[in-house]
Amino acid sequence: MATITENDGKHVEKNVSKDVENKDVTVANVKVVEENGEPKKKDVHEIDGVVTENTKNVAEEVKEVVKKEENGAEKGDVSPSPNVETSSKKESNFFSHLKVHEKKALVKLRMKIEEVIRGKAGTENTKKDYEKLEKTDEAEKKTVSSPPPTIEKSSSFREESNFPSDLKESEKNALSQLRMKVEEAIHGNTLLKGKKEKIESQANATSLGKESKDKEKQEEESDNNVKEEKAENNDAKESKESKQDTEEKKKLTEEAAKESTHVAVEEEKVIVDEGIALWGVPLLPSKADTATDVILLKFLRAREFKVNEAFEMLRNTLQWRKENNIDSILNENFDADFESLAYINGVDRQGHPVCYNNFGLLGDHEMYNKILGTQEKREKFLRWRIQLMEKGIQKLDFKPGGVCSMLQIIDLKDSPGPSRKEFRLAARQVIVTLQDNYPEFAAKNVFINVPFWYYAFSALLSPFLTQRTKSKFVFARPARVTETLLKYIAAEEVFVHYGGLKQENESEFSAEDPVREVFVKAGSKENIEIPVLEAGTTLIWDVIILGWEVNYREEFLPSDEGSYGLIIQRDRKLGVQEGSIRNSFKNNEPGKVVIIVENSSLKKKRVLYRYKTKNSSS
């Protein structure tokens with residue numbers, strides 16, 4: 001059979017009428033005419049379909065469908081033509097603009113048209129399309145009902161939302177259940193474990209101890225009985241009477257112990273105040289404080305939204321705080337040596353307070369023994385570290401949308417290794433205590449200047465840490481300290497000894513002074529020009545270069561072409577260990593200071609700088 005093309009002499013006659021007002025499309029009198037003029041026998045059907053207003057170009061679409069079906073009337077001998085491809089492209093573009101229910105309506109209409117023109121055999125592909133559309137519809141519904149994806153915590157990490165509307169449905173249910181449990185526990189005076197549960201646990205322990213002792217005695221007595229089988233009957237009677245007496249005495253002592261325990265439980269029952277608060281936030285949900293939900297969400301997230309485990313963690317935290325007088329720890333005084341080990345200074349890019357932990361000072365033998373030498377000293381060190389945590393919490397905002405966690409920077413340069421038992425015990429105790437009683441208070445734990453031995457040490461600590469805690473750890477080798485810190489903290493907030501611009505007792509610049517950056521491509525040179533338009537102006541600038549290993553110089557070029565330029569800083573090679581550069585220049589005439597950075601390496605360099613001008617009058 002010949003292939004159907006326009007050049008073969010075949011042509012298609014179509015009479016398609018379109019009623020614009022009613023949007024009725026009628027397809028009729030479809031005839032295929034051969035070259036000899038004799039019409040080929042084909043069933044003629046009339047189709048009436050109403051197209052809704054939302055599907056604007058359906059009439060034209062139906063024309064294209066009919067044309068496609070007529071061109072493919074003779075199965076197996078139809079060759080694709082450019083017109084068909086163009087039609088399919090238009091169809092896909094048109095189809096993508098429709099809503100889901102409009103797509104389904106259109107597919108159903110196409111199925112009916114195919115059934116009429118080609119019979120039901122030709123509708124299999126369309127049915128498959130319809131099934132795919134159904135699946136797509138369900139997928140879209142799921143997407144609409146689910147909350148927005150959590151933002152990945154990288155260089156621009158953000159805290160998880162504490163707004164109830166942003167929580168998943170399962171998380172909302174967990175929060176609601178925890179609210180109810182806390183409310184009931186406060187009203188029922190069961191939130192704090194107090195001495196009641198302690199006494200009961202002690203009573204259980206003593207009863208278990210008695211049972212074990214009784215078993216031992218019974219075994220000994222049975223052995224003695226076996227050995228003394230040939231003893232006289234009188235001795236046997238006496239032994240029985242003595243056994244009965246001992247059993248009666250045991251019963252009396254156990255009853256007395258139970259009565260005393262019961263009395264102690266009644267006398268030492270803990271009364272929980274309805275105004276009980278944690279970190280200044282009331283825990284009673286019926287008070288409708290939005291900060292309450294933020295605190296409860298911390299415990300839920302720490303226990304993967306398992307309500308019972310989160311509730312038990314909250315109770316344990318409250319009990320631990322009560323037993324260790326944590327609420328008054330801010331009033332305690334510690335040695336000045338502790339202040340250099342850790343301190344809170346500045347904020348990160350998201351406003352989290354930054355806590356710096358400098359364990360390298362413990363590398364000094366005298367300092368090490370003074371801080372960690374004995375068990376008593378280690379307990380004091382732990383208590384001081386808890387106080388520092390409480391000080392940081394004073395800077396947080398527990399309202400939804402507020403900053404409610406801190407960024408921890410742990411500097412391990414020159415710190416003691418895992419071979420030092422005291423350091424290993426103290427570190428584990430601090431980490432476990434903070435993890436169990438301060439849930440979700442660390443936005444990130446960034447370990448810098450990490451030595452190789454620490455990876456083995458972290459493997460030893462790993463069993464004591466939850467997966468969520470470990471997911472917040474970031475490690476940076478000495479060569480990548482500045483680069484890692486700048487991901488989380490702005491350059492003006494990073495100290496100079498870490499490769500930033502912040503200096504102790506800074507008097508020239510403030511956090512409000514903008515920091516600019518330029519990139520120097522590999523094998524190229526970049527000129528940074530700072531205009532100084534008035535004579536007698538003092539210009540001060542700071543520069544840091546990530547990766548360093550560049551050639552660096554500074555010049556002053558006057559505006560007057562007849563004047564000579566001045567060299568402020570001669571050309572020199574900056575090594576890897578260079579810190580930030582601060583320099584100043586006072587001009588005698590208008591001009592500009594030019595900082596030249598020449599990168600001869602194979603890697604792109606990032607240059608951060610800031611400057612400030614001072615007039616002679618100031």
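Heavy-atom basis, side chains included; hydrogens, waters and symmetry copies ignored.
The side chain to side chain donor-acceptor pair (under 3.5 Å) test with Glu508 is passed by exactly one of Lys614, Arg582, Gln503: Lys614. Checking each of Val607, Leu501, Leu608 against Val543 for a side chain to side chain contact (heavy atoms under 4.5 Å, CB included) leaves exactly one that passes, namely Val607. When the options Thr290, Leu296, Thr292 are evaluated for a side chain to side chain contact (heavy atoms under 4.5 Å, CB included) with Val281, the one that passes is Thr292.
Side chains of Asp513 and Tyr611: a donor-acceptor N/O pair is absent below 3.5 angstrom, by distance only. Between the side chains of Asn583 and Gln569, no donor N or O sits under 3.5 Å from an acceptor N or O. One side chain, Arg385 or Asn357, offers a donor N or O that lies under 3.5 Å from an acceptor on the other. Looking at Asn345 and Lys502, their side chains do bring a donor and an acceptor atom within 3.5 Å of each other. At a cut-off of 3.5 Å, with distance as the only test, a side-chain donor of Tyr552 or Glu554 sits close to an acceptor on the other residue. Defined by atom type and a distance below 3.5 Å, a donor-acceptor pair is missing between the side-chain atoms of Arg321 and Asn316. A donor-acceptor contact closer than 3.5 angstrom links the side chains of Ser286 and Glu183. A donor atom on one side chain and an acceptor atom on the other are not found under 3.5 Å apart for Ser601 and Glu549. Using modelled atom types and a 3.5 Å distance limit, the side chains of Glu390 and Gln394 yield no donor-acceptor pair. Glu512 and Ser510 are linked by a side-chain donor-acceptor pair at a separation below 3.5 angstrom, with hydrogens and angles left out of the test.
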Between Ser600 and Lys573, does the side-chain contact (heavy atoms from CB on, under 4.5 Å) criterion hold? Intermediate values first, please.
CA-CA 11 Å; Ser600 57; Lys573 180 81 172 180; 4.0 Å; yes

Does the side-chain contact (heavy atoms from CB on, under 4.5 Å) test come out yes or no for Leu330 and Lys391, once each step is laid out?
CA-CA 7 Å; Leu330 290 174; Lys391 287 180 179 178; 3.7 Å; yes

Might you work through the side-chain contact (heavy atoms from CB on, under 4.5 Å) test for Leu372 and Leu362, ending with a clear yes or no?
CA-CA 9 Å; Leu372 304 176; Leu362 295 175; 4.0 Å; yes

Run the salt bridge (Lys or Arg N to Asp or Glu O under 4.0 Å) test on Glu529 and Lys592 for me, step by step, so that the C-alpha distance in whole Å, both residues' side-chain angles and the decisive distance to 0.1 Å come before the verdict.
CA-CA 6 Å; Glu529 299 181 354; Lys592 59 185 177 181; 3.3 Å; yes

Checking side-chain contact (heavy atoms from CB on, under 4.5 Å) for the pair Ile276/Leu284: CA distance, chi angles, key distance, verdict?
CA-CA 7 Å; Ile276 185 172; Leu284 191 65; 6.0 Å; no

The test is salt bridge (Lys or Arg N to Asp or Glu O under 4.0 Å); show your working for Arg378 and Glu376 and say whether it passes.
CA-CA 5 Å; Arg378 289 194 295 273; Glu376 183 181 354; over 6 Å; no

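A donor-acceptor contact shorter than 3.5 Å is absent between the side chain of Asp166 and the backbone of Asn162. Side-chain atoms of Asn369 do not come within 3.5 Å of backbone N or O of Gly373 as any donor-acceptor pair. Of the possible donor and acceptor atoms, one in the side chain of Thr433 sits under 3.5 Å from a partner among the backbone N and O of Gln429. No side-chain donor-acceptor contact under 3.5 Å links Glu534 to the backbone of Thr537. A donor-acceptor pair is defined here as one N or O able to donate and one able to accept, closer than 3.5 Å; no such pair exists between the side chain of Lys287 and the backbone of Pro282. With hydrogens and angles ignored, the 3.5 Å screen pairs no side-chain donor or acceptor of Trp384 with any backbone N or O of Phe381. Side chain of Glu171 to main chain of Lys168: a donor-acceptor pair is present (N/O by atom type, distance under 3.5 Å, no hydrogens or angles). A donor-acceptor pair is defined here as one N or O able to donate and one able to accept, closer than 3.5 Å; no such pair exists between the side chain of Asp364 and the backbone of Tyr368. Remark: the backbone N or O of Glu312 is not paired with any side-chain donor or acceptor of Arg303 at under 3.5 angstrom. With Asp335 contributing its side chain and Phe338 its backbone, the two residues share no donor-acceptor pair below 3.5 Å.
Other residues, nucleotides and ligands contribute over 12 non-hydrogen atoms within 6.0 Å of the NZ atom of Lys612. For Lys413, the NZ atom sits in a loose shell: 12 or fewer heavy atoms of surrounding residues, nucleotides or ligands are nearer than 6.0 Å. Environment of CE in Met367: crowded, with over 12 heavy atoms of neighbouring residues, nucleotides or ligands closer than 6.0 Å. Heavy-atom neighbours of Lys470 NZ from other residues, nucleotides or ligands within 6.0 Å: above the threshold of 12.
Annotation for Val446 and Thr484: closest pair CG1-CG2, 4.0 Å, computed over non-hydrogen atoms. In terms of heavy atoms, Gly363 sits closest to Pro416 at N-CD, 4.0 Å. Pairing each heavy atom of Ser340 with each of Asn358, the nearest pair is O-CB, 4.0 Å. When all heavy atoms are compared, the tightest approach of Asp348 to Gln350 is OD1-N, 3.0 Å. Pro451 and Leu412 make their closest contact through CD-CB, 3.9 Å (heavy atoms, listed as atom of the first residue, atom of the second, distance). Shown here for Ala491 and Val515, the closest heavy-atom pair between the two residues is CB-CG1, 4.4 Å.
Interatomic distance, Cys404 SG to Ile295 CD1, rounded to the nearest 0.5 Å: 7.5 Å. Rounded to the nearest 0.5 angstrom, Lys298 NZ and Leu278 CG are separated by 10.5 Å. Of the inter-residue distances, the one linking Arg480 atom CZ with Leu485 atom CG reads 12.0 Å to the nearest 0.5 angstrom. For the atom pair CG (Asn445) and CE (Met406), the distance works out to 10.0 Å, reported to the nearest 0.5 Å. Separation of atoms CD (Glu304) and CZ (Arg468) is listed at 8.0 Å; rounding is to 0.5 Å. Taking CH2 of Trp320 as the reference point, atom CG of Asn437 lies at 4.5 Å (rounded to 0.5 Å).
Looking at Phe359 and Asp414, their side chains never come closer than 4.5 Å, going by heavy atoms from C-beta outward. Looking at heavy atoms from C-beta onward, Leu178 lies out of side-chain contact with Pro285 at the 4.5 angstrom threshold. Counting heavy atoms from C-beta outward, Glu160 and Leu297 have side chains that stay 4.5 Å or more apart. Using a 4.5 Å heavy-atom threshold, the side chains of Phe311 and Leu191 count as touching. Under the 4.5 Å side-chain criterion, counting only non-hydrogen atoms from C-beta, Arg610 is not in contact with Pro514. Counting heavy atoms from C-beta outward, Ile344 and Leu388 have side chains that approach closer than 4.5 Å.
Aromatic ring orientation, Phe475 versus Phe473: perpendicular (interplanar angle above 60°, classes split at 30° and 60°). In this pair, Trp279 and Phe299 present their aromatic rings parallel. The plane angle is below 30°, not in the 30 to 60° band.
Geometrically, Arg349 does not engage Tyr488 in a cation-pi contact, judged by NZ or CZ lying under 6.0 Å from the ring centre and within 45° of the ring axis. Stacking of Arg383 on the aromatic ring of Phe334 is not recorded, the 6.0 Å distance cut-off and the 45° axial limit not both being met.
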